[in-house]
Amino acid sequence: MHEKELTADAGDYLKTFAVTAVMAQSIIGYFLALKPAYTLQNQLGILYNLLKFSAPVFIFSIVF
C-alpha cells in the first residue's frame, strides 16, 4: 500500500491553539478564585479576557 504523508494546515494549528486556550481558561479561573495579589490578579485577568475569545476561534477553525 502507498503511505500518505500527513501535513498540518492552518486549521489544525488554530484548533490546537483554541483547545489549549479553552483549557487554560479553566486553570486561570481557578487561580483567580484563590484571590492572588493585586498585580498578579490584574495580569491573570487580562490573560483570561484574551483567552475568552478562543471559542469563536475554535468554531472558525472547524469551519476553516
Side-chain angles (χ1 to χ4, degrees):
M1 295 214 149
H2 297 287
E3 290 188 29
K4 216 177 194 183
E5 185 177 327
L6 299 175
T7 57
D9 62 353
D12 292 333
Y13 292 115
L14 281 173
K15 288 176 201 172
T16 303
F17 170 75
V19 169
T20 304
V22 168
M23 290 187 291
Q25 270 185 309
S26 300
I27 296 168
I28 293 171
Y30 172 76
F31 284 121
L32 282 172
L34 295 176
K35 308 281 188 207
Y38 183 72
T39 55
L40 181 61
Q41 190 175 11
N42 280 339
Q43 293 170 354
L44 287 175
I46 290 169
L47 183 61
Y48 183 84
N49 283 331
L50 288 174
L51 292 176
K52 184 169 56 174
F53 296 105
S54 61
V57 172
F58 183 68
I59 293 169
F60 176 76
S61 67
I62 291 173
V63 173
F64 184 67

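Only heavy atoms go into these numbers, but all of them, side chains included; no hydrogens, no water, no symmetry mates.
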- Among the clusters formed by ILVMFWY side chains lying less than 4.5 Å apart, do Tyr48 and Val22 turn up in the same one? no
- Message: Can you list, by chain and residue number, the hydrophobic cluster partners of Tyr38 when the side-chain cut-off is 4.5 Å?
- Response: none
- Message: Test of understanding: with side chain to side chain contact (heavy atoms under 4.5 Å, CB included), list the residues that count as partners of Tyr13, not counting sequence neighbours.
- Response: Ala8
- Task: To the nearest 0.5 angstrom, please state how far the CG atom of Leu50 sits from the CD atom of Gln25.
- Result: 10.5 Å
- Message: Quick check for you: to the nearest 0.5 Å, what is the distance between Ile46 atom CD1 and Ile28 atom CD1?
- Response: 11.5 Å
- Partners of Leu34 by side chain to side chain contact (heavy atoms under 4.5 Å, CB included), sequence neighbours excluded? Tyr30, Phe31
- Just how far is it from atom CG of Asn42 to atom OG1 of Thr39, taken to the nearest 0.5 Å? 7.5 Å
- Query: Are any side-chain N or O atoms of Asp9 and backbone N or O atoms of Asp12, one a donor and one an acceptor, separated by less than 3.5 Å?
  - Reply: yes
- Query: If you group Ile, Leu, Val, Met, Phe, Trp and Tyr by side-chain heavy-atom gaps below 4.5 Å, do Ile27 and Leu44 land in one group?
  - Reply: yes
- Identify the two heavy atoms, one from Leu32 and one from Gly45, that lie closest to each other, and give their separation to 0.1 Å. CD2-N, 4.2 Å
